[in-house]
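The block underneath contains the structure these notes are about, expressed in structure tokens.
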Amino acid sequence: MQRHVLSVLVENEPGVLSRVVGLFSGRGFNIHSLNVAPSLEEGVSHMTITTDSDSLILEQIMKQLHKIVSVIKVVDFADIPAVTREMMFVKVQAEGTARGEILRTVEIFRCKVVDVSHNEMTIEATGDQEKLDAILGLLQRFGIKEVARTGAVAMRRSKKTD
């Protein structure tokens, strides 16, 4: 199984999300993350779907997605140079000397502290899945109280000229 990030442009109308998600669940595939937001074009939304599947089955899913009338375009970023990021909030226990250690970790990973109380810090982190998992691994020892992740968003990289 391989991780696939799909970019799906759809008409922004009721029921489209349900049809797209139903296509995955109907074939027994889990959606690892799903992001939907308006695109630059009026009346069009951009879905970013992350899933684990083999290429042959994903090819069938992509063909089925194209059959949904409201779907405009489907791109699999598995073999295309792309920028992929997700954002995460992490609330950690932060008392005494732990505060300094947490701040050093935040600095190393270029994160931001977005909320502080007497005994907690909320950190905002942006990066690929591996980076966010690494941050969580380091913050685990302080006591993670809550995590909220956006899931992936992706965009094709700009073409480089030689």
Side-chain angles (χ1 to χ4, degrees), residues 1-10 12 14-40 44-55 57-58 61-62 65 71 73-95 98-158:
M1 293 264 193
Q2 180 184 354
R3 171 76 33 109
H4 291 271
V5 178
L6 302 179
S7 172
V8 184
L9 286 179
V10 297
N12 190 356
V16 175
L17 178 61
S18 177
R19 288 192 295 278
V20 169
V21 170
L23 194 114
F24 281 82
S25 66
R27 282 156 184 73
F29 287 106
N30 186 41
I31 292 176
H32 187 264
S33 71
L34 172 66
N35 260 308
V36 184
S39 71
L40 193 55
V44 176
S45 288
H46 182 225
M47 291 183 180
T48 305
I49 303 169
T50 306
T51 187
D52 293 323
S53 78
D54 68 40
S55 297
I57 293 170
L58 188 73
I61 289 173
M62 289 179 63
L65 282 171
V71 172
K73 184 177 181 180
V74 181
V75 176
D76 179 7
F77 285 123
D79 299 321
I80 298 172
V83 178
T84 305
R85 297 287 183 269
E86 66 178 278
M87 196 266 293
M88 163 177 79
F89 288 138
V90 184
K91 188 181 292 182
V92 294
Q93 189 70 30
E95 296 179 288
R99 289 175 99 78
E101 291 182 60
I102 293 168
L103 289 173
R104 282 190 289 282
T105 303
V106 165
E107 188 177 316
I108 289 168
F109 281 96
R110 296 190 192 120
C111 304
K112 297 179 197 170
V113 175
V114 293
D115 189 46
V116 179
S117 72
H118 293 292
N119 58 355
E120 297 175 340
M121 281 186 184
T122 301
I123 297 157
E124 174 189 323
T126 305
D128 59 25
Q129 179 184 355
E130 291 79 20
K131 176 183 175 180
L132 299 187
D133 289 344
I135 294 166
L136 286 174
L138 287 173
L139 293 175
Q140 198 91 39
R141 64 189 175 115
F142 301 108
I144 295 174
K145 296 182 127 191
E146 189 176 350
V147 175
R149 290 175 84 153
T150 62
V153 292
M155 185 177 284
R156 181 186 301 257
R157 285 194 179 274
S158 299

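None of these values were measured; they are calculated from a predicted model.
The CG atom of Asp76 sits 10.0 Å away from the OG atom of Ser7 when rounded to the nearest 0.5 Å. Taking CG of Leu34 as the start and CG of Leu17 as the end, the distance is 5.5 Å to the nearest 0.5 Å. To the nearest 0.5 angstrom, Ile80 atom CD1 is 13.5 Å from Met155 atom CE. Put simply, CZ on Phe24 and CD1 on Ile31 are 5.0 Å apart, with the number rounded to the nearest 0.5 Å. The OG1 atom of Thr122 sits 14.0 Å away from the NZ atom of Lys112 when rounded to the nearest 0.5 Å. Note: Leu23 CG to Phe29 CZ = 10.0 Å, rounded to the nearest 0.5 Å.
When side chains are defined from C-beta on, Phe89 does not count as touching Asp115, because their heavy atoms never get closer than 4.5 Å. Between Ile135 and Leu132, the closest side-chain pair of non-hydrogen atoms falls below 4.5 Å. Looking only at side-chain heavy atoms (C-beta outward), Ile123 and Met88 stay at 4.5 Å or farther from each other. Between Leu6 and Thr48, the closest side-chain pair of non-hydrogen atoms is not below 4.5 Å. No side-chain heavy atom of Glu86 sits under 4.5 Å from any side-chain heavy atom of Asp128. Residues Leu138 and Ile108 form no side-chain contact, since every pair of their non-hydrogen atoms from C-beta on lies 4.5 Å or further apart. Between His46 and Val36, the closest side-chain pair of non-hydrogen atoms is not below 4.5 Å. A 4.5 Å side-chain heavy-atom check between Thr84 and Val153 finds every atom pair outside the cut-off.
Partners of Asp52 by salt bridge (Lys or Arg N to Asp or Glu O under 4.0 Å), not counting sequence neighbours, listed by chain and number: Arg3. For Thr126, there are no side chain to side chain donor-acceptor pair (under 3.5 Å) partners, not counting sequence neighbours. Under the salt bridge (Lys or Arg N to Asp or Glu O under 4.0 Å) criterion, Arg99 pairs with no residue at all, not counting sequence neighbours. Under the side chain to side chain donor-acceptor pair (under 3.5 Å) criterion, Arg156 pairs with no residue, sequence neighbours left out. Applying the salt bridge (Lys or Arg N to Asp or Glu O under 4.0 Å) rule to Lys145 yields the partners Glu120; only residues at least two apart in sequence or on another chain are considered.
Between Ser39 and Leu9, the closest heavy-atom pair is CB-CD2, 4.4 Å. Here the closest heavy-atom approach between residue Gln2 and residue Ala78 is recorded as NE2-CB, 3.7 Å. The nearest pair of heavy atoms linking Glu124 to Val114 is OE1-CG1, 3.5 Å. Nearest approach of Val83 to Arg157, heavy atoms of both residues: CG2-NH1, 3.6 Å.
Judged by distance alone, with hydrogens and angles left aside, the side-chain atoms of Asn35 form a donor-acceptor pair with the main-chain N or O of Ala152 at under 3.5 Å. With hydrogens and angles ignored, the 3.5 Å screen pairs a side-chain donor or acceptor of Thr51 with a backbone N or O of Asn30. Judged purely by atom type and a 3.5 angstrom limit, His4 uses its side chain to pair as donor or acceptor with the backbone of Ser53. Side chain of Ser45 to backbone of Val10: no donor-acceptor contact under 3.5 angstrom is found.
The number of heavy-atom neighbours closer than 6.0 Å to CD of Glu95, taken from other residues, nucleotides and ligands shown, is above 12.
Within the structure, salt bridge (Lys or Arg N to Asp or Glu O under 4.0 Å) contacts touching residues 129-141 (residues at least two apart or in different chains) are Glu101-Arg141, Asp133-Arg149.
The side chain to side chain contact (heavy atoms under 4.5 Å, CB included) test with Met121 is passed by exactly one of Val106, Ile102, Val90: Ile102.
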Note to self: Show, in sequence, the C-alpha distance, side-chain angles and deciding distance for Val5 and Ile49, and conclude whether the side chain to side chain contact (heavy atoms under 4.5 Å, CB included) test is met.
What the structure shows: CA-CA 6 Å; Val5 178; Ile49 303 169; over 6 Å; no
